[in-house]
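Chain A is the first sequence line, chain B the second, and so forth, proteins listed ahead of strands; every chain is numbered from 1. These numbers were taken from a predicted model, which means no experiment stands behind them. Both backbone and side-chain heavy atoms feed into the values below; hydrogens, waters and symmetry mates do not.
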Number of protein chains: 2
Amino acid sequence: MARRRRGGGKPTIADVARRAGVGAITVSRALREPDRVSEDLRNQIATAIEELGYVPDRNARALASARDDIVAVLVPSLTNNVFAEVVRGLYDGLGDSHLQLHLGNTHYSGIEEERLLRVFLSQRPSALVVSGIDQTPAARAMLQKAGCPVVQIMETGSNPVDMMIGFSHFEGGRTVTRHLVEMGYRRIGFIGARMDPRSQRRMAGYRAVVEEAGLYDPRLVTTTPTPSSVSLGRELLRHALAKSPDLDAVFCNNDDLALGALFECNRSALAVPGRIGIAGFNDLDMMEVAFPSLTSVRTHRYEIGRRAVAMVRAALSGTRQPEHVVDVGFELKIRESTSRK
Amino acid sequence: MARRRRGGGKPTIADVARRAGVGAITVSRALREPDRVSEDLRNQIATAIEELGYVPDRNARALASARDDIVAVLVPSLTNNVFAEVVRGLYDGLGDSHLQLHLGNTHYSGIEEERLLRVFLSQRPSALVVSGIDQTPAARAMLQKAGCPVVQIMETGSNPVDMMIGFSHFEGGRTVTRHLVEMGYRRIGFIGARMDPRSQRRMAGYRAVVEEAGLYDPRLVTTTPTPSSVSLGRELLRHALAKSPDLDAVFCNNDDLALGALFECNRSALAVPGRIGIAGFNDLDMMEVAFPSLTSVRTHRYEIGRRAVAMVRAALSGTRQPEHVVDVGFELKIRESTSRK
DNA sequence: TTCAAGGATGGTAGCGCTACCATCGTCGAA
DNA sequence: TTCGACGATGGTAGCGCTACCATCCTTGAA
């Protein structure tokens, strides 16, 4: 694939040097540190590059300089809006640096994460960004030996491989649930899909509050390993109501489920928030617009992405800040869907 | 960044060879063509690799073999669910090949696309996947000279750089609009955000039908260059109704807008589809679940991603199929939101 | 005028890997 | 028994670039 005949093919730096009548190293410098080359030569070189259509070879550069400008990123999903925004933040955080993002999709699988880590490590990246704190032991070992800055994102924990930026999902779950309790709901259900470690911790937060309030009932919990979607939200709410017809509120593990739950209520003429209260998690754009508007927990995923890259850049430039674990928090957005008169 | 001392640092293939008591080339072969190495040596080598924690260096490999297993992909957005699914398809299409995806985000900018193309080309990728057919002349020239398979995705057109897979947005726009006309709507509006080339063509399809039916009125068209969102859908519908209170249907350029429009109608107690009909584009999961369910045009974006990679693989393995332009079509999904009694 | 200091430029020697071409058995046919 | 064929293994020479050090020239102080 993309095979070139040995010796043949694209112009190299030597071709440019010859044409510009300078040494190869000067061309190399003109490209990387223009200040150190006189303007005359710089122009000649630029002309030669233009005429030849020269494109430097990153592989050769990386090999020779034993450095690479790649930041390898592992996320569990690209279709999940939450991670899509994290990635957007990562890109924006790059700014004018020469860093490049290399994305890997683990599909919520530890094994796959391990495999991708191996693949990416063979690129000798400048830095590694991984999602969550539940790496397999092997993956964690690889991260520790990577010899480059590592950032774990989306969660906080007490045992970072290197750096960490995120928030506490457990606290997030507690906060929403506490709100529902305070609003007077008594038969508060939980519906969750996929149930990755972060979902689990949100559910644990739910359970902690509900138990403390003496309202816990396992029949109020409905989960499935199936990936989350709006249609699944509808189904899960239906199941939940079938199991516990007296359900009077649901904490939906994410906003897609919440939207699906809302639609189900609309369709079944169950008044929201009168008959049933609904809360989601992440606070996607649509939550505020929905009718009724939906209570959710605003997570700062874009900011997490941006700041993760900032941390990487700081670490690479030697000015690594002291704090290795950053908690960006979250924000409960109370809206119509849980405001019982 | 990620600098290693010359000579120092990670174990190399020579270290593995020494430890296993074999030649370097044999280690190389054991890794790439295990069949050609005896089982004894293969085991010794595997042990040595394990003990040393050896990870091959992709850069060196790419340089030495003048080949690289990277497929560079340029998409305009990663947060747009449509492209997120294309990317998912691309990943799934990879299967067991050794290809790796390298994602770039053009932010709907031709200039940025050009810049990224330059960056990616310096990696000498095995193949290139770009979105749409509206590359700048410079970008198109680079694609033509890339010397590797190129796939343009998401649209079809008559002048492919190399290969192409997608569908006609113009026809998509025509189809929805024709449906609205057939359902008896007479004051059919169009609302659109971002208005990238594909949106423009969908709008052109709308206009063609509406003009043919003698229903065209510029006041029925509401667009903005702002990126699309659910909340924007709500606003745009409000604007549209302010301009043309007799609006009786809207073709929303995408599903997010359609959902926002629906919520606005709910909130303003405008019956859907009785007072106003709503149609979207792309058919995201939520369209079917919404109440009322929303008419949309199902686009096969996941399939486009998968097949784009399949085309790349076929081209790379020499079995390039004859058809260079593939139209995967689309499917009108008629639902409650446009079914006037 | 001399000479150290510093900027601009170039030559050489790899970076870690694989293509290419030996070399060295081993085995079966003659 | 001999010899060619073939499979397994290894040595050498780069791939295109940059680190490192040498060289040359300019500049300004003594």
### Query
At what angle, to 10 degrees, do the two end axes of the helix from dT1(C)-dA30(D) to dA30(C)-dT1(D) meet, given five pairs define each axis?
40°
Got a list of side-chain donor-acceptor pairs under 3.5 Å for residues 86-94 of chain A, not counting sequence neighbours?
residue: Y91(A); atom: OH; partner: L103(B); partner atom: O; Å: 2.9
residue: D92(A); atom: OD2; partner: Y302(A); partner atom: OH; Å: 2.5

#### Entry: Side chain of T12(A) - closest among dG16(C), dC17(D), dA19(C)
dC17(D)
### Query
Partners of R32(B) by salt bridge (charged side-chain N to carboxylate O under 4.0 Å, His left out), sequence neighbours excluded?
none
### Task
Kindly indicate whether the side chain of V161(B), heavy atoms from C-beta on, has any atom under 4.5 Å from the side chain of V130(B).
no
### Query
To the nearest Å, how far apart are L63(B) CG and dT18(D) P?
12 Å
### Query
Once you round it to whole Å, what is the distance between P of dC17(C) and CG of D68(A)?
15 Å
### Query
Over how many whole Å does the gap from R61(B) atom CZ to dC15(C) atom P extend?
19 Å
#### Entry: Check ion pair D196(B)-R194(B) (N to O, under 4.0 angstrom)
no
### Message
Distance check needed: dC17(D) P versus D69(A) CG, whole Å only.
### Response
16 Å
### Query
What residues in residues 25-34 of chain A put a non-hydrogen atom under 4.0 Å from any atom of DNA chain D?
I25(A), S28(A), R32(A)
### Message
Could you check whether any side-chain N or O of R29(A) sits under 3.5 Å from a backbone N or O of V37(A), counting only pairs where one atom can act as donor and the other as acceptor?
### Response
no
### Query
When the distance from CD1 of I13(A) to P of dA19(D) is rounded to whole Å, what number comes out?
11 Å
### Query
Can you tell me how far C1' of dA8(D) sits from CD of Q44(B), to the nearest Å?
14 Å
### Query
Roughly how many Å is it from CD1 in I49(B) to C1' in dC17(C), rounded to a whole number?
14 Å
### Query
Distance from L117(A) atom CG to L74(A) atom CG, nearest 0.5 Å?
6.0 Å
### Strand-adjacent residues in residues 35-43 of chain B, judged by heavy atoms under 4.0 Å from DNA chain C
none
### Query
Whole-Å distance between dT9(D) P and R18(B) CZ?
19 Å
### Query
If you check every side-chain atom of A64(A), which of dC15(C), dG10(D), dA19(D) has the closest atom?
dC15(C)
### Message
Taking side chain to side chain contact (heavy atoms under 4.5 Å, CB included) as the definition, give me every residue that meets it alongside N80(A), ordered by chain and number, with sequence neighbours left out.
### Response
S77(A), V82(A), F83(A), Y108(A)
### Task
Measure the shortest side-chain to side-chain distance between P125(A) and H102(A) over non-hydrogen atoms and say whether it is less than 4.5 angstrom.
no
Enumerate, atom names and distances included, each donor-acceptor pair closer than 3.5 Å involving a side-chain atom of residues 12-20 of chain A, sequence neighbours excluded.
residue: T12(A); atom: OG1; partner: A14(A); partner atom: N; Å: 3.2
residue: D15(A); atom: OD1; partner: R18(A); partner atom: NH1; Å: 3.3
residue: D15(A); atom: OD2; partner: T12(A); partner atom: N; Å: 2.8
residue: R19(A); atom: NE; partner: E51(A); partner atom: OE1; Å: 2.6
residue: R19(A); atom: NH2; partner: E51(A); partner atom: OE1; Å: 3.0

### Query
Considering residues at least two apart in sequence or located in another chain, which fulfil the side chain to side chain contact (heavy atoms under 4.5 Å, CB included) criterion with P160(A)?
Q152(A), M164(A), V325(A)
### Query
For E50(A), which residues count as a side chain to side chain contact (heavy atoms under 4.5 Å, CB included) partner, sequence neighbours excluded?
none
### Query
Can you give one letter per nucleotide of nucleotides 22-28 of chain D, going 5' to 3': B for a protein heavy atom under 4.0 Å from the base, S for sugar-phosphate only, - for none?
-------
#### Entry: D68(A) side chain near N59(B) side chain, heavy-atom distance below 4.5 Å
yes
### Message
Can you list everything that forms a side-chain hydrogen bond (donor to acceptor under 3.5 Å, both in side chains) with D96(B)? Sequence neighbours excluded, please.
### Response
R313(B)
#### Entry: Non-neighbouring partners of R301(B) that pass salt bridge (charged side-chain N to carboxylate O under 4.0 Å, His left out), sequence neighbours left out
E85(B)
